[in-house]
Number of protein chains: 2
Amino acid sequence: MAAKASRKPLSRQRVLAAAVGLADAQGIQALTMRRLAAELDVEAMSLYYHLRDKEALLDGVVETVIAEIVAAVGRLEANGGRTDWRTRLRQQFLTARDVMLRHPWAPVLLGSRRTIPADVYTYYDEIVGTLVAAGFSYHLAHRALHAFGSLPLGFAQELFSPASAGGSMEDDAAEADAAAMAETLPHLTAMMAAEIHDAADPTLGWCDGQVEFEFTLDLLLNGLERLHG
Amino acid sequence: MAAKASRKPLSRQRVLAAAVGLADAQGIQALTMRRLAAELDVEAMSLYYHLRDKEALLDGVVETVIAEIVAAVGRLEANGGRTDWRTRLRQQFLTARDVMLRHPWAPVLLGSRRTIPADVYTYYDEIVGTLVAAGFSYHLAHRALHAFGSLPLGFAQELFSPASAGGSMEDDAAEADAAAMAETLPHLTAMMAAEIHDAADPTLGWCDGQVEFEFTLDLLLNGLERLHG
DNA sequence: ACCTGAACACCGTTCAAGT
DNA sequence: ACCTGAACACCGTTCAAGT
């Protein structure tokens, strides 16, 4: 599937990188010990030399993705001069989202893990630092963290089409025909009609993940700005 | 584990109810065809008479939980007289949360499904109806839906301790001792200290899921109120 | 109509053994 | 130090068969 580097000896790092690649290419349900081993030209049991068990593998995979996000955000810091807290956090979260879009299975996986990688704490610590430096009380900063949820990692809290980036509700609802839908879902139908009518390109006007993400983000940032006044 | 109703014949409904119960009691990873069958005093293969396969089982389980939420919200409507859109949605989302807290595995499960139960669309249709009746444009209502994410179903978008309702970050971070933590996570440490100091009961003052949920919810509702002016 | 036994493919994991 | 073969327990699923 991928070009195989053949006979370099395995390592935890190489195993985890291959695991992320496998999940990206085939979906998270394809990430089994046996298939991962095959991908690495090795027997399944060899993996147990580098990782305690599958739980450790999944923890390592989450860790790897988080590290990728944190690194991307870190590179931002390097250039990014002095800006106000709002545009700073905004940039960070949007950068995180860029990375996350390459690993659409990651939000659900992270959500199902019991332990959180240490990197995440470091990252959230910086966010608190940014807020407090801008004059937030610790109390409001704390509330802000909870309100952000996993937005700082680039996860939209979208209900619809959580697995794919682009699609949305019409894909699912399209099964029922338009007339029936107009009857049972009058407001959603009217909403879609109004949105499509307004949009320049009717095929693209409905549900743009990037636009929605930024809207939600700004809604939260502006709300916090008001509270901290 | 549960009292068994012995020899009444199975049905899709009974199977799904048992599945929800099993997930509640033992966690979602305990929900296997074989264990579920055992719980129902039946062989695993019998389940296939009522459900096509495990995917259909999981879809049915999600469906069942959603139906429970929608029903609870529906009972609200019965009494609830005329109120403004904000308190109305607020009540609905908080009611949904009450139900959801009894099925802490549900958010992750729903997030991993490809198809969304029809009930969800009906529910979100009502939300759009409420917003539009209050004077929202369809465009803003659309944005609002995305911003809400799964809040209407009572899901907090909490990053920490997604599986349990009460716990939070200190549980995980407590492994490292306080001194080391103060060094690597100065802002979070200071934040915790400030919060605990302010709280009446120091053991309860940190991370109250209910309070945080309501804060986030109000942040969004107030932000939307401003935009719709 | 409703349930089952035997069988198969695939999974995670242990353990003792190879180089 | 790093990898493997054989074996086990558990999983989802098919199929032909029972009542």
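Letters A, B, ... are given to chains in the order of the sequence lines, protein chains preceding strands, and every chain is numbered from 1.
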D/dT14: pairing nucleotide in any strand, Watson-Crick or G-U under 3.5 angstrom: C/dA6
Student check: side-chain heavy atoms of A/Leu109 and A/Val61 closer than 4.5 Å: yes
Whole-Å distance separating the OH atom of A/Tyr49 from the P atom of C/dG18: 18 Å
Short side-chain N/O contact from B/Arg35 to OP1 or OP2 of D/dC11, under 4.0 Å: yes
Closest-nucleotide 5' rank along DNA chain D - winner of A/Arg34 and A/Ala44: A/Ala44
Spacing between B/Arg14 atom CZ and C/dC2 atom C1', to the nearest angstrom: 13 Å
Value in whole Å for how far the P atom of C/dG12 lies from CG of A/Leu51: 13 Å
A/Ser150 to A/Tyr124 - nearest heavy-atom pair and separation: CA-OH, 3.8 Å
Touch class at under 4.0 angstrom, heavy-atom based, for A/Arg52 against every strand present: nothing
Spacing between A/Leu47 atom CG and C/dT14 atom C1', to the nearest angstrom: 15 Å
Sugar-phosphate, base or nothing in reach of B/Met33, heavy atoms under 4.0 Å: sugar-phosphate
Nearest to side-chain heavy atoms of A/Met45, which nucleotide of C/dA7, C/dT14, D/dC3: C/dT14
C/dC2 OP1/OP2 closer than 4.0 Å to side-chain N/O of B/Ser46: no
Heavy-atom pair with the smallest gap, counting every atom of B/Arg143 and A/Val211: NH2-CG1, 3.2 Å
Protein-nucleotide distance (A/Leu31, atom CG; C/dC11, atom C1'), rounded to Å: 13 Å
Whole-Å gap separating C1' (D/dC2) and CG (A/Leu40): 14 Å
Strand partner of D/dT19, provided both Watson-Crick or wobble distances fall under 3.5 Å: C/dA1
Distance in angstrom units between A/Leu58 CG and C/dT13 P, rounded: 10 Å
Whole angstrom value for the distance that separates P of D/dC10 from CG of A/Asp53: 17 Å
Other residues, nucleotides, ligands: >12 heavy atoms within 6.0 Å of B/Gln13 CD: no
Distance test, side-chain N/O of B/His50 to OP1/OP2 of C/dA1, below 4.0 Å: no
B/Leu40 to B/Ala18 - nearest heavy-atom pair and separation: CD2-CB, 3.7 Å
